[in-house]
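What follows is a short report on a single structure.
These values consider heavy atoms only, across backbone and side chains, with no hydrogens, waters or symmetry-generated copies. By convention here, the first residue in the shown sequence is residue 1. Given the structure is predicted, the values throughout are model-derived calculations rather than measurements.
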Amino acid sequence: MGFFSDFKASLMKGDVLSLATAVVIGGAFGKIVGSAVDDVIMPIVGLITGGVDFTTKFITLDGNSYADLAAAKAAGAAVITYGNLVQAIINFVIISFFIFVVLRAAEKAKKKEEVAAPAAPAGPTQEELLTQIRDLLKK
């Protein structure tokens with residue numbers, strides 16, 4: 001087989017197609033979760049924390065004081081933007097919780113689906129089959 005036919009065969013395997021589908025759906029789901037965090041949850045967190053925007057929190061390493069982060073960066077000062085780390089941690093916790101809730105709901109729905117499915121009718125036992133075979137052989 002040639003290179004391209006091998007490549008085509010590997011792409012057409014079910015695992016690769018499933019992975020590609022999962023990546024596309026994951027990207028779309030990521031946008032939904034990001035929007036939920038940015039547009040719904042973070043305003044509530046901002047209200048709880050008194051409107052603090054963590055992304056503007058910083059420490060300058062040169063010892064000077066600046067009005068805001070933009071001024072410090074414009075002056076070329078070395079800054080530690082610890083607020084970005086705090087914001088990233090808050091986002092991570094919120095997103096993790098959001099995904100946990102969605103996965104938990106999916107698992108509950110899956111369990112309900114399994115319980116609702118009727119059990120397959122039981123077939124004849126081994127003894128019944130052997131009895132039927134014996135009776136057929138007698139005929």
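In this structure, a donor-acceptor pair under 3.5 Å is absent between the side chains of Asn64 and Thr60.
The distance from the CG atom of Asp135 to the CG atom of Leu130 is 11.0 Å, given to the nearest 0.5 Å. The CG atom of Leu47 sits 8.0 Å away from atom CD1 of Ile44, with the distance rounded to the nearest 0.5 Å.
Residues near Ile25 contribute nothing to a hydrophobic cluster around it, because no ILVMFWY side-chain heavy atom sits closer than 4.5 Å to its side chain.
Taking the side chain as every heavy atom from C-beta outward, Ile80 and Phe58 never approach each other to under 4.5 Å. Using a 4.5 Å heavy-atom threshold, the side chains of Leu129 and Thr125 count as separate. Annotation: side chain of Tyr66 is not in contact with side chain of Val79 (no heavy-atom distance under 4.5 Å).
A donor-acceptor pair under 3.5 Å is absent between the side-chain atoms of Ser35 and the main chain of Ile32, judged by distance alone.
Dense packing is recorded around CD of Glu128, with more than 12 heavy atoms of other residues, nucleotides or ligands lying under 6.0 Å away. For Tyr82, the OH atom sits in a packed shell: over 12 heavy atoms of surrounding residues, nucleotides or ligands are nearer than 6.0 Å. No more than 12 heavy atoms of other residues, nucleotides or ligands lie within 6.0 Å of CZ in Phe92, so this atom counts as exposed by the packing criterion.
Hydrophobic clustering (side-chain heavy atoms under 4.5 Å, transitive across Ile, Leu, Val, Met, Phe, Trp, Tyr) groups Ile95 together with Val86.
The side-chain hydrogen bond (donor to acceptor under 3.5 Å, both in side chains) analysis of residues 99-110, with sequence neighbours excluded, yields no pairs.
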